[in-house]
Protein chains: 2
Amino acid sequence: MQGVTGPGLRERKKQRTRDALLRAALELFTTKGYEETTVDEIVEAVDVSQRTFFRHFAGKQEAAFAMQEMVEERFVRALRERPAHEGPFAALRGAVLGSWDAVGESIEAVVPVELHMRTYQMIESTPSLLAVHLRRSIEREEQVAGIIAEREGVDLATDPRPRVAVAAFGGVMRVTGRQWGAGKDISVDSIRAITESYLDHLGPTLADDWRER
Amino acid sequence: MQGVTGPGLRERKKQRTRDALLRAALELFTTKGYEETTVDEIVEAVDVSQRTFFRHFAGKQEAAFAMQEMVEERFVRALRERPAHEGPFAALRGAVLGSWDAVGESIEAVVPVELHMRTYQMIESTPSLLAVHLRRSIEREEQVAGIIAEREGVDLATDPRPRVAVAAFGGVMRVTGRQWGAGKDISVDSIRAITESYLDHLGPTLADDWRER
DNA sequence: TGTCAACTGTCAGTCGCTGACTCTAGCCTC
DNA sequence: GAGGCTAGAGTCAGCGACTGACAGTTGACA
């Protein structure tokens, strides 16, 4: 009927079950705890078979990080689209803050933003998930370092600056997350403000343009 | 009979079983891979029941990190015993290098040093273990930051310097480990040399004594 | 020497996760 | 619009990590 034929009914159904599983999983994780939640409980809440859960998610952990994955991918895309004239730090900063702004549209379509925020806190306070979170962070930083190196036209293999800059940036982001998680204001505005403030401290060090000397 | 009555027969037997389990576990982990090794295979190699394994180790993972735990505890002890006049960086450096020297006596009593070295590489190259390794690292850094703060007589809650110094130090140690793991020389001398060299780069920045201004 | 307690073994069961097979229902073609 | 194709979901059986409960063995110690 319409000019653009979106995904078919089958595809939409699939997406709906996935979203339902994700919502149910995160809701259970954040209320009764990750370790205390069984996959059986999740699938029971959505009324599908356990096998279906494992067809959508590689494991319980993947469900816990599904939203993080989405947000980070968005951040990476935002970083790639940053104007070429921006220095590394300005680009990183712009991409993060832009991501937070876009959080409404991209997250809310799947789960309530408030649930996503609680999920972040749960990850930070669950040992097994914190471990995975840290590993994912350094893997992501490696990817981001590659993007920065490309932007600046330097060689990642010989020039340590991209990795150093990204590591410093990532370190600030980790502290930011912790600080926010420990506080009371669980809003997007809150974490946005903390991020901005923390990055301002780091700014002067990294703001200078490597290509101009 | 002797003046000093060491641990009784029961205790010695227990320790022997634990050591045997550890050796068998690490040997299997490093040869056929961590994920590919089952607890049943480990206990079969030592000829004890599976239940016994789980009485000695909280889980498969704990066995993989048992030696790291030992080395790190030794490092922490060495750090506490460092002369009070040393600055933070000198104390950290001395404690690490001292730990490497003492590796012979403390490790070899349980497993061959070479096996311990291979274990380290296995941890770095096994995703699930790398994740745990990173979490353990930041937890350990928190503890070490506390010791440094105490040594220097500063307040950890208000003064960021202990955490910053330890984070930098820990970062260098992580890079050191990776660098060593990627190389060919799997000896203690090798990692000691790399450690020393890398720390020398960091040195000038942290070497100044905070108490003198 | 006999009692106590620690260490271990056995057994049954939970939970995360996977492979193999079957069935159902969108999709696509004729 | 009927019928074949196939993606997605269900069922079943099974592995591996881990735990609780109970029972046997053997050092420790009075």
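Just so it is clear: chains get the letters A, B, ... in the order the sequence lines come, proteins before strands, and each one is counted from 1. Both backbone and side-chain heavy atoms feed into the values below; hydrogens, waters and symmetry mates do not.
- We find that CD of Gln50(B) is positioned 16 Å from P of dG13(C), with the value rounded to whole Å.
- Nucleic acid contact for Thr38(A): sugar-phosphate only, since backbone atoms but no base atoms lie under 4.0 Å from a heavy atom of the residue.
- Put simply, the side chain of Arg55(B) and the base of dG9(C) share a donor and an acceptor less than 3.5 Å apart.
- Here the side chains of Val71(B) and His116(B) are in contact, with some heavy-atom distance below 4.5 Å.
- Between Lys60(B) and dC18(D), a side-chain N or O to OP1/OP2 separation shorter than 4.0 Å is absent.
- For the pair Leu21(A) CG and dC17(C) P, the computed distance is 14 Å after rounding to whole Å.
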Practice problem: Report the C-alpha distance between Arg163(B) and Glu142(B) in whole Å, list the side-chain angles of each, state the deciding distance to 0.1 Å, and finish with yes or no for salt bridge (charged side-chain N to carboxylate O under 4.0 Å, His left out). | Solution: CA-CA 7 Å; Arg163(B) 265 192 261 263; Glu142(B) 190 62 24; 2.2 Å; yes
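- Put simply, CZ on Phe29(A) is 12 Å from C1' on dG16(C), counting in whole angstrom units.
- Look at CD on Glu62(B): it is 10 Å from P on dT19(D), rounded to the nearest Å.
- Between the side chain of Lys60(A) and the backbone N or O of Tyr34(A) there is at least one donor-acceptor pair closer than 3.5 Å.
- If you measure from atom CZ of Arg16(B) to atom C1' of dC7(C), you get 14 Å, rounded to the nearest angstrom.
- For the OP1/OP2 pair of dG26(C) and a distance below 4.0 Å, the side-chain nitrogens and oxygens of Lys13(A) include at least one atom meeting the criterion.
- Close to dA9(D), at under 4.0 Å from its OP1 or OP2, lies a side-chain N or O of Thr17(A).
- A sub-4.0 Å separation between OP1 or OP2 of dG10(D) and a side-chain N or O of Ser49(A) is present.
- No donor-acceptor pair under 3.5 Å is formed between the side chain of Thr52(B) and the backbone N or O of Val48(B).
- One cannot find a donor-acceptor pair under 3.5 Å joining the base of dG8(D) and the side-chain atoms of Arg18(A).
- Within the structure, a side-chain polar atom (N or O) of His56(A) is placed less than 4.0 Å from OP1 or OP2 of dA9(D).
- Across the protein-nucleic acid pair, Phe53(A) atom CZ and dC15(C) atom P stand 15 Å apart, rounded to whole Å.
- Sequence order on DNA chain D of the closest nucleotides to Glu11(B) and Gly59(B) puts Gly59(B) first from the 5' end.
- In this structure, CD of Gln15(B) is placed 17 Å from P of dG27(D), rounded to the nearest angstrom.
- Across the protein-nucleic acid pair, Lys14(A) atom NZ and dA25(C) atom P stand 18 Å apart, rounded to whole Å.
- Put simply, the side chain of Pro127(B) reaches to within 4.5 Å of the side chain of Arg135(A), judged on heavy atoms.
- Evaluation of atom-type donor-acceptor distances gives no pair under 3.5 Å for the side chain of Arg51(A) against the base of dG8(D).
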